[in-house]
Amino acid sequence: QVQLVESGGGLVQAGGSLRLSCAASGRTFSWYAMGWFRQAPGKEREFVAAISWSGGSTSYADSVKGRFTISRDNAKNTVYLQMNNLKPEDTAVYYCAASETNMILTTPRRYDYWGQGTQVTVSS
């Protein structure tokens with residue numbers, strides 16, 4: 001089992017940047033593929049980005065491609081989401097998730113463990 005704790009959320013103006021972090025503890029972090037998802041009020045949780053256990057493969061939602069970058073540091077048991085050129089529509093609670101299958105997964109139900117989320121608010 002793995003525990004996940006997100007941090008780095010906050011309030012930022014449109015066009016600004018934030019870097020989210022997700023610290024993992026428990027089982028060996030490098031065994032898990034990792035993903036970032038977000039959920040806005042009244043909307044379903046949606047895929048943002050994912051990364052394989054080695055960091056060699058990544059995937060992004062079309063809405064964030066070119067603006068967000070997912071990365072991981074297995075030595076620090078941490079996955080990151082660098083968010084640039086933020087837009088008001090990026091406002092949501094952001095969650096990191098871990099999957100025991102080393103696959104790039106875009107569906108929330110395919111992930112085994114979730115963090116508690118961190119709020120990102122982008123003002124116009």
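- Residues Tyr80 and Ile70 fail the side-chain proximity criterion, which asks for heavy atoms closer than 4.5 Å.
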Show, in sequence, the C-alpha distance, side-chain angles and deciding distance for Tyr111 and Phe37, and conclude whether the ring-ring contact (aromatic ring centres under 6.0 Å, His included) test is met. CA-CA 11 Å; Tyr111 283 81; Phe37 290 78; 5.2 Å; yes
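- Within 6.0 Å of atom NZ in Lys43, 12 or fewer heavy atoms from other residues, nucleotides or ligands are found, so the atom counts as exposed in its surroundings.
- Using a 4.5 Å heavy-atom cutoff, the side chains of Thr121 and Val12 are not in contact.
- In plain terms, the two heavy atoms of Thr91 and Ala40 that are nearest each other are O-CB, 3.8 Å.
- Atom OG of Ser59 is separated from atom CD1 of Ile51 by 11.0 Å, given to the nearest 0.5 angstrom.
- Using a 4.5 Å heavy-atom threshold, the side chains of Arg72 and Asn74 count as touching.
- Taking the ring centre of Tyr95 as origin, the terminal cationic atom of Arg38 falls outside the region bounded by 6.0 Å and 45° from the ring axis.
- Side chain of Glu6 to backbone of Gln116: a donor-acceptor contact under 3.5 angstrom is found.
- Using a distance-only test at 3.5 Å, with no hydrogens or angles considered, no donor-acceptor pair links the side chain of Asn85 to the main chain of Phe68.
- A cation-pi arrangement, defined by a distance under 6.0 Å to the six-membered ring centre and an angle within 45 degrees of its axis, is present between Arg45 and Trp114.
- Annotation: side chain of Tyr32 is not in contact with side chain of Asp112 (no heavy-atom distance under 4.5 Å).
- Side-chain contact between Gln82 and Ser17 is present, with heavy atoms from C-beta onward closer than 4.5 Å.
- The shortest side-chain heavy-atom distance between Thr69 and Tyr60 falls under the 4.5 Å cut-off.
- Between Cys22 and Met34, the shortest heavy-atom distance links the atoms SG-CE, 4.3 Å.
- Hydrophobic clustering (ILVMFWY, side-chain heavy atoms < 4.5 Å, transitive): Phe47 and Val93 are in one cluster.
- The one candidate from Val120, Val48, Val64, Leu18 that meets the side chain to side chain contact (heavy atoms under 4.5 Å, CB included) condition with Leu81 is Val48.
- With rounding to the nearest 0.5 angstrom, the CG atom of Leu105 is 4.5 Å from the OG atom of Ser99.
- Counted by atom type alone, Glu100 and Tyr113 present one or more donor-acceptor pairs between their side chains at under 3.5 Å.
- Taking all atoms of both residues into account, the shortest heavy-atom contact from Ala98 to Val2 is CB-CG1, 4.0 Å.
- Checking side-chain atoms of Ser57 against main-chain N and O of Ser52 turns up no donor-acceptor pair under 3.5 Å.
- No more than 12 heavy-atom neighbours from other residues, nucleotides or ligands sit within 6.0 angstrom of CZ on Arg110.
- With a 4.5 Å cut-off on side-chain heavy atoms, Thr118 and Leu20 count as touching.
- Across every non-hydrogen atom of Ala14 and Ser124, the tightest pair is CB-CA, 4.4 Å.
- Residues Trp31 and Met103 are members of separate hydrophobic clusters, defined by side-chain heavy-atom contacts under 4.5 angstrom among Ile, Leu, Val, Met, Phe, Trp and Tyr.
- Tracing side-chain contacts under 4.5 Å through hydrophobic residues (I, L, V, M, F, W, Y), one reaches Val122 starting from Trp36; they form part of the same cluster.
- Side-chain contact of Thr78 with Asp73: a donor-acceptor pair under 3.5 Å is absent, judged by distance alone.
- Ion pair Asp90/Lys87 not flagged as a salt bridge, since none of the NZ, NE, NH1 or NH2 atoms sits closer than 4.0 Å to an Asp/Glu carboxylate oxygen.
- Put simply, the side chain of Ser54 gets close to the backbone of Gly56: a donor and an acceptor are under 3.5 Å apart.
- In this structure, Val5 and Gln3 have side chains that are not in contact, with every pair of non-hydrogen atoms separated by 4.5 Å or more.
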